[in-house]
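I have placed the structure first, in the form of structure tokens, so that the comments after it can refer back to it.
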Amino acid sequence: MLSIVLPKLGKDDQLHIITEKTQTTPYFAGQFSQIWEMPVSQSARNFRIDITAPRSMHLRAAHTGNWIVSQRTQGQLIHISARMAVHHARYPGPSTVDESQFSPLFEVSTFPSWAAVGKAYWSRAADKAAVTPIVQKTADTASHGLQGWDAEKALYTWDSHHIRYVGLELGVGGYVPISASKTLETRYGDCKAHATLLQALFNAKGFKLYPTLINWNNVFTLPPLPTPFWFNHAIDYAPQRHLFLDSTGTYETPGQLAIGERDKPSIVTGPHPRVVTTPCLLYTSPSPRD
């Protein structure tokens with residue numbers, strides 16, 4: 001948090017604020033995306049965003065609401081500008097969906113599809129679920145010699161009860177999970193750590209499980225362009241049972257989704273990434289297949 005005190009600011013003075021963000025390490029190599037939201041509950045005047053990028057990036061722009069967007073090319077560069085001339089705040093009302101669902105958005109992205117978002121996450125997360133000796137030992141102990149769905153429930157319960165949830169979002173850690181082995185050593189981790197560890201435990205016992213990106217907020221649609229930054233939570237998806245699992249919950253049972261995870265478009269990662277909508281039900285029964 002940065003506070004700036006302007007003691008000589010008086011009536012009719014104008015204040016211009018320019019912010020600059022420098023990121024030296026990309027979350028996903030070769031890809032870039034960013035979303036700017038003008039909250040419906042806030043006023044703004046002459047808000048402007050200017051972007052200059054190589055044409056080879058194939059950067060696309062899209063918006064909702066009253067943004068004024070222009071785009072031009074100059075040699076090997078592309079210049080994209082978005083301006084909000086005037087935006088008057090209004091009260092969105094009680095018991096509404098998240099403001100991002102109806103506030104003006106401006107977005108740029110190089111991701112060609114939502115499947116590409118899932119592929120990008122998987123490229124950085126897949127090896128974190130390696131079946132190391134500590135993972136195999138934990139899976140064998142946690143499953144108690146059970147088979148099929150009984151074994152999967154036991155692995156889920158072990159992860160949920162033995163790994164403390166701690167949010168870890170430093171640097172690329174906001175979108176790149178730490179390894180399952182490291183989580184077993186520390187016994188804590190964020191949602192990505194939980195999802196990765198459960199995937200590794202499933203791998204150790206021959207079950208398929210893939211990390212899934214979801215937005216926990218009161219959000220039920222996707223923005224105009226594909227981006228990983230629309231999501232703020234990671235769970236798992238068992239394709240053989242068409243079942244979603246969230247081991248960060250202490251009290252949910254396998255197949256039970258918290259209210260913030262129901263009826264949401266999510267990105268299932270893995271070798272065949274795709275968009276899947278979570279069930280709107282409190283609990284989904286597993287498929288009888290082993």
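We use all heavy atoms of the structure for the numbers below, so side chains are in, but hydrogens, waters and symmetry mates are not.
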Legend entry - Test item: Arg274 and Trp114 side chains (from C-beta on) under 4.5 Å apart, heavy atoms: no

Inset, instruction - From the options Pro273, Ser33, Pro228, select the one residue that forms a side chain to side chain contact (heavy atoms under 4.5 Å, CB included) with Val117. - result: Pro228

Legend entry - Verify same cluster id: Phe111, Ile80 (apolar side-chain graph, 4.5 Å): no

Legend entry - Non-hydrogen side-chain atoms of Phe32 and Val108 separated by less than 4.5 Å: yes

Inset, instruction - Would you list the pairs meeting side chain to side chain donor-acceptor pair (under 3.5 Å) in which at least one residue belongs to residues 43-61, sequence neighbours left out? - result: Asn46-Arg83, Arg48-Asp50, Arg48-Ser81, Asp50-Ser81, Thr52-His79

Inset, instruction - Answer with yes or no whether the hydrophobic clustering places Leu243 together with Leu197; edges join I, L, V, M, F, W, Y residues whose side-chain heavy atoms lie under 4.5 Å apart. - result: yes

Inset, instruction - For side-chain contact (heavy atoms from CB on, under 4.5 Å), just list the numbers for Ile163 and Arg187, CA-CA rounded to whole Å, side-chain angles, deciding distance to a tenth of an Å, and then say yes or no. - result: CA-CA 5 Å; Ile163 304 300; Arg187 293 299 179 98; 3.8 Å; yes

Inset, instruction - Specify the closest pair of heavy atoms between Pro254 and Trp149, including all atoms of both residues, with the distance to one decimal. - result: CB-CH2, 3.8 Å

Legend entry - Evaluation steps, side-chain contact (heavy atoms from CB on, under 4.5 Å), between Leu209 and Leu198: CA-CA 8 Å; Leu209 198 67; Leu198 188 59; 3.5 Å; yes

Inset, instruction - Kindly indicate whether the side chain of Glu37, heavy atoms from C-beta on, has any atom under 4.5 Å from the side chain of Glu99. - result: yes

Legend entry - Nearest-0.5 Å distance that lies between atom CH2 in Trp230 and atom CD1 in Ile35: 5.5 Å

Legend entry - Side chain proximity check, Lys192 to Pro211, heavy atoms < 4.5 angstrom: no

Legend entry - Heavy-atom pair with the smallest gap, counting every atom of Ala200 and Ala129: CB-O, 3.5 Å

Inset, instruction - Determine whether Leu105 and Leu59 fall in the same hydrophobic cluster, where Ile, Leu, Val, Met, Phe, Trp and Tyr are linked whenever their side-chain heavy atoms lie under 4.5 Å apart. - result: no

Legend entry - Side-chain (Ser179) to main-chain (Lys182) donor-acceptor, under 3.5 angstrom: yes

Legend entry - Close side-chain approach of Asp159 and Phe202, heavy atoms under 4.5 Å: no

Inset, instruction - Ignoring hydrogens and angles, state whether a donor on the side chain of Thr132 or Ser181 is under 3.5 Å from an acceptor on the partner side chain. - result: yes

Inset, instruction - Please say which of Phe244, Tyr121, Trp122 ends up in a ring-ring contact (aromatic ring centres under 6.0 Å, His included) with Tyr210. - result: Trp122

Inset, instruction - Output yes when a side-chain donor or acceptor of Lys128 lies under 3.5 Å from a complementary backbone atom of Arg124, and no otherwise. - result: no

Inset, instruction - Would you sort out whether Trp67 and Phe47 count as a side-chain contact (heavy atoms from CB on, under 4.5 Å), showing the intermediate values? - result: CA-CA 10 Å; Trp67 290 95; Phe47 186 84; 3.6 Å; yes

Inset, instruction - Enter the distance from Thr183:OG1 to Tyr188:OH here, rounded to the nearest 0.5 Å. - result: 9.0 Å

Inset, instruction - Please examine the side chains of Tyr156 and Glu252, heavy atoms only from C-beta on, and report whether any two atoms are closer than 4.5 Å. - result: yes

Inset, instruction - Group every Ile, Leu, Val, Met, Phe, Trp and Tyr by side-chain heavy-atom contacts under 4.5 Å, then state whether Phe231 and Leu225 land in the same group. - result: no

Inset, instruction - Would you indicate whether His162, at its atom NE2, is surrounded by more than 12 heavy atoms from other residues, nucleotides or ligands within a distance under 6.0 Å? - result: yes

Inset, instruction - Output the distance between atom CG (Asp150) and atom CG (Leu155), rounded to the nearest 0.5 Å. - result: 11.0 Å

Inset, instruction - Mind listing the closest non-hydrogen atom pair of Tyr237 and Pro239 along with its distance? - result: O-CD, 3.3 Å

Inset, instruction - Quick one: closest heavy-atom pair of Thr64 and Pro224, and the distance? - result: CG2-CG, 3.8 Å

Inset, instruction - Report the C-alpha distance between Val219 and Ser100 in whole Å, list the side-chain angles of each, state the deciding distance to 0.1 Å, and finish with yes or no for side-chain contact (heavy atoms from CB on, under 4.5 Å). - result: CA-CA 8 Å; Val219 170; Ser100 63; 3.6 Å; yes

Legend entry - Residues, nucleotides or ligands: over 12 heavy atoms within 6.0 Å of Ile259 CD1: no

Legend entry - Hydrophobic cluster (4.5 angstrom, side-chain heavy atoms) - remaining members for Val97: Val40, Phe102, Phe220

Inset, instruction - Output the distance between atom CG (Leu222) and atom NZ (Lys264), rounded to the nearest 0.5 Å. - result: 11.0 Å

Inset, instruction - Flag the pair Glu152 / Arg241 as yes when at least one side-chain heavy-atom distance between them is below 4.5 Å, and no otherwise. - result: yes

Legend entry - Validation row: Phe106, Pro104 side chains within 4.5 angstrom (heavy atoms): no

Legend entry - Spacing of Glu261 atom CD and Ile235 atom CD1 [to the nearest 0.5 Å]: 5.0 Å

Inset, instruction - Could you tell me whether the side chain of Ser143 and the main chain of Leu146 form a donor-acceptor pair under 3.5 Å? - result: no

Legend entry - Separation of Met38 CE from His87 NE2 (nearest 0.5 Å): 6.5 Å

Legend entry - Heavy-atom closest pair, residues Pro265 and Val275: CB-CG1, 4.4 Å

Inset, instruction - Could you tell me whether the side chain of Ser266 and the main chain of Ile214 form a donor-acceptor pair under 3.5 Å? - result: no

Inset, instruction - Give a yes or no answer on whether the side chain of Asp98 reaches the backbone of Asn217 with a donor-acceptor pair at less than 3.5 Å. - result: no

Inset, instruction - Verify whether one side chain among Glu107 and Thr227 offers a donor that lies under 3.5 Å from an acceptor in the other. - result: no

Legend entry - Ala120 backbone acceptor or donor facing Ser123 side chain under 3.5 Å: yes

Legend entry - Centroid-centroid under 6.0 Å between Phe229 and Tyr175 rings: yes

Legend entry - Backbone of Trp216 reached by a side-chain donor or acceptor of Asn232 within 3.5 Å: yes

Legend entry - Hphob cluster co-occupancy, Met57 + Val69, side-chain heavy atoms under 4.5 angstrom: yes

Inset, instruction - Say whether, by atom type as modelled, one donor and one acceptor occur between the side chain of Asn203 and the main chain of Ala130 under 3.5 angstrom. - result: no

Inset, instruction - Taking only Lys NZ, Arg NE, NH1 and NH2, and the carboxylate oxygens of Asp or Glu, determine whether Lys137 and Asp140 approach each other closer than 4.0 Å. - result: no

Inset, instruction - Not counting sequence neighbours, which residues clear side chain to side chain contact (heavy atoms under 4.5 Å, CB included) with Thr221? List them please. - result: Gln101

